[in-house]
Structures are given as C-alpha cells and as structure tokens.
Amino acid sequence: TQTVNTKGLFPAQDGVYPTLYRDNLGTVKVSASLNPAQYVAVRYGRNSNSFPFNASPATTPDNWGDAENRFNSVNVNHNWVLAGAKLNEVVFQYANYSDLIAERTKALNQSFPNGVTTGSSLAAPQSTEQVKYQIRDDFSWLVAGHGGVGHTFKAGVNFINEPRLFIDGSSGKGVIACTMLGNSHSAPLASVLQIDGEASANIPTKQYGLYVQDDWRAGERLTVNAGVRYDLVTGIIFDQSKNPNFVKVQAAARAGALNGIVGLEHFGLEPRSDRNNIQPRIGGAYDVTGTGKDIVRAGWGVYTDFGYTNSNVLQAALDASGNRFGAVFSASSATGLKNPDGSFYQVGQPLTNLASQNQSAAGPPLLGFWVDPRLEQPYQLQTNVGWSHELTSNTVINVDYVSSLGRDLNYKPRLNQLVPGTKQRRISALLSSSLGPNSSSNRPALSRGRSRYNAVILSGRRRFAKGFDFSASYMLSKAV
C-alpha cells in the first residue's frame, strides 16, 4: 500500500491506496522422440506483470501511471544424431515483448514547493515493442587421430531478425504543467509548460553469425581449443538524412572543417555497418604431472557484443524520424507570471494570456543526438590463466587470473563545449549554422570507449562424508 498526504492541498485524495504487483508466469513444453536418432521439443513461455508507476506519498493517485510488461516466447528444438558420430542441432525462436506505462488522466499537472504533485503524469505514456525471430544451427562431429587422440569439431550459423524495436517516448504529450510559487491553489505560477509532438521510432536490425571450432585432444595430458567467429549487425546504421544536426556535421566534415577533432574522424564518410568483426579464440588445459592433480589452463579470445541501444542510437533514431517532440509553450517568471492586465496568471486561465511570454513559439526542438556513420560494435579482449591443485583426494584449490579489455564501447561524449574565453561552442563554431539545441547536451554516439577489468580469484573445495561439500572463494578485482 501507499499512504498519500497532500499536506492540506487535496484532502479528498489523502488516504491509503493499494499498490499491487501482479506477476503471471507460465510454461508449456512438449517433446517427442521421432525415432532413436531424432528428438524434437516445443516450448511456449509467457510472463506478464503489472504495477502502479511512480507512486509516492506526495503524489495524488491520478498522477501515477499503470505499468504493464508482457513477454511471449516459442522455441522449437530439433536434435538429429547422424552416422559417424555426428550431431545436428537446430533451434528456432519467436519472441515478442511489450511494455507500457499508461497515464491515468489528461488533467492539468500542478506541482507545489512542498513536493505535492497532482494531475496527469509527465512520465507517461511511454512504451516499447519488440519482435524477434531467431534460427540457429550447430553441427558437431568427432574425428579420431590426425595429430593426437582426436578432434571434436563444431560449426554453426545464427540469424536474428528483429523487424520491430519500436519506442514511443511521448510522455506528457498535450498536458499543461504548472509550477506553483506557493503551497496554495491561488498562488502565483513560476512556470507554465506544454509538451506536444511525436516521439516514436522503429529500429529494425538483423544479426548474422557463423563460427567453427576444434576441441583437439593432442595427447593424454593436453587439450587445445581453437576457433573463430564472425558477426555482422545491420540496422544500427540507419538513415539520418532527416536529422539537421547530422546533415550539418556530415557537410562540414566533407569540407574538411572537422579535421583533427577527436571522435569525429568518420563523419563525412558514407554510412556503413561494422563489417570487421572477426573473433579468433584459443585455449588449452595441461595435466602437469599426468596424475590429474595439477592442471594448468589458459585462454584468450575476442568477443563482439551487441551495443546497448540506450548508449548509442535510441535518441538519435527519434531525431532521424523527422518528427519532433518537446515544449510548444513555455513561460516562466521568478516572481510570478502575469496576465496582460498586470494581475497574476492563475491555473485554468487560457494560455493565450501568456502568448507574448512564450519561449517555445518555434515549436518542439530536436533532442540533439546523432550517430557516427561508421559506428562499430563493441568487443572485448578476454584472457584467463588458472591452476588447480589437488591437496588431498577430497580437497582442491584453484588460482585464476582474468583480464577483459573493452574496445569500441559505444557512448555519447559532450563534444560541443564552450570554447574557453568565448561564447562559441566547439562544434557549432565549425558548422554552417549552430547545432540544435546549441549546448553540451547535443552529442554524437561514438564507438571510442574503452574499459579494463582485472581480477585474481582464489577458491577451494572440500568434499565431506554423506554428500556434504564446503566451498570458499576470494576475489580481488579492479575495473576502469
């Protein structure tokens, strides 16, 4: 429950309100052996939940939202054992996801200095919709000899089609929001704001992957794992010709005006998806004494990731849609807004009374985001080295070192800073006209981020009688 106290402003809405969280989870699975060599499984899963959004002691229930999330998934698996120690595994998945935060009213929004807020929520409505199809095929086979005891080869392909990643961020659309200077209904207003427009975009993507690997048992004491993977993502680089900021920066870069600006090296080039995601990997384990009591292991590999859309293209997709969303009316005064006749403007009076004070007459602005035309997928260089030692027949200790170097991490740096000693901004000063909005919050999405993680892990395990085990571990790590 949530207790609401409006501090005398709206006594009819004071009280205790239920804030139920409802969660529903269901799974159905059917499996069958078609014959001794083939197995099929079909699984359907659904998860949904709902709860009041933004409930707090100082917000009236009409200012809350109603949040709902839904996820559905269908998986089909087919395993086929072929002659000659071969296995083929095919997986197909269809999934859809949606979330919605719905507003409870379109009534005028009021906020007071004591923290009380009433009327329509300015954080709703907002929604996300996602539809995904995936098919994966893995084929493995055994080969004896050929330079050792034998090889276990594995190769596969993966394809993900995500035709819909739709976002709608039109929170507060059409609502008039009033900020009061005092804690009474008749207090003067510090500001009046109205937001309108469209804030939606779809970011469809396709992901392609293929790999081959070999688990080579070189001898009784040495096993080597080697492989390579390739990934390609399309759709992250989308059409930005309707984004004036991107158009200006592209034109300036092609004219040479941005030469030497760190982070903008790719601007001016034709947009293209990242295509060089080749990822070699190698690892191995060695039995030092041949008794299984001392095992040394090590591995190194390159691992490409799918960039988190909130850190790269989400807001830029809204600007690239050609739609605009934001303030269509805004007026403010530290001493109270006034009507043309000199009286204080009151809640409920027409906005036309403040027309001469409107600071947003030009309409909704751009959000101020644009994407590197050669944005790259982030990847990691991972290294691990470890040693396991058997102290006794029922006690083992382990020492491991892990390193992960992040490269091409996607982020949005604030490049449009003020030039020291001037009123000009660093990027806008080099363009045919200023970025919009012309502030440091106007940012490109780049793939220049880096990270570093190192860890040493000490662990041990001891087996006791009657199936009882004791394990302990300690990790010292540092991330930058």
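Worth saying up front: this structure is predicted, and the values here are computed from it rather than measured.
- Residues Trp216 and Asn225 have side chains that never bring a donor and an acceptor to within less than 3.5 angstrom of each other.
- Applying the side chain to side chain contact (heavy atoms under 4.5 Å, CB included) test between Ser73 and each of Lys132, Arg43, Arg46 identifies Arg43 as the sole match.
- Side-chain N/O atoms of Trp300 and Asn384 include no donor and acceptor closer than 3.5 Å.
- Using a 3.5 Å distance cut-off with no hydrogens or angles, the side chains of Asn109 and Ser120 do not pair a donor with an acceptor.
- A donor and an acceptor atom, one from each side chain of Glu89 and His78, are nowhere located under 3.5 Å apart.
- Side-chain contact check for Ser403 and Thr383: no donor-acceptor pair (N or O, by modelled atom type) lies under 3.5 Å.
- The pair Glu376-Arg407 does not meet the salt-bridge criterion, since no charged nitrogen lies less than 4.0 angstrom from a carboxylate oxygen.
- Electrostatic pairing of Arg70 and Glu68 counts as a salt bridge here, judged by a charged N lying under 4.0 Å from a carboxylate O.
- At a threshold of 4.0 Å, the pair Arg448-Asp408 does not count as salt-bridged, since none of the basic side-chain nitrogens sits closer than that to a carboxylate oxygen.
- Side-chain contact of Gln279 with Asp231: a donor-acceptor pair under 3.5 Å is present, judged by distance alone.
- In this model, a donor atom of one side chain and an acceptor atom of the other lie less than 3.5 Å apart for Ser191 and Thr179.
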Before you tell me yes or no, could you show the steps for Asp469 and Arg461 under salt bridge (Lys or Arg N to Asp or Glu O under 4.0 Å), namely the whole-Å CA-CA distance, both residues' side-chain angles and the distance that decides it to 0.1 Å? CA-CA 7 Å; Asp469 285 1; Arg461 181 181 178 184; 2.4 Å; yes
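- Using a 4.0 Å cut-off between charged nitrogen and carboxylate oxygen, Asp400 and Arg297 count as a salt-bridge pair.
- Of the N and O atoms on the side chains of Asp138 and Tyr211, at least one donor lies less than 3.5 Å from an acceptor on the other residue.
- Here the OG atom belonging to Ser439 is positioned 8.0 Å from the CZ atom belonging to Arg414, to the nearest 0.5 angstrom.
- Tyr303 and Asp305 form no side-chain donor-acceptor contact under 3.5 Å, judged by distance and modelled atom types alone.
- For Ser447 and Asn410, the side-chain atoms include no donor-acceptor pair closer than 3.5 Å.
- Using modelled atom types and a 3.5 Å distance limit, the side chains of Lys248 and Ser433 yield a donor-acceptor pair.
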Show the numbers, then the answer: is there a side chain to side chain contact (heavy atoms under 4.5 Å, CB included) between Ser48 and Asn69? CA-CA 5 Å; Ser48 64; Asn69 302 292; over 6 Å; no
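- There is no side-chain donor-acceptor pair under 3.5 Å between Tyr94 and Asn72.
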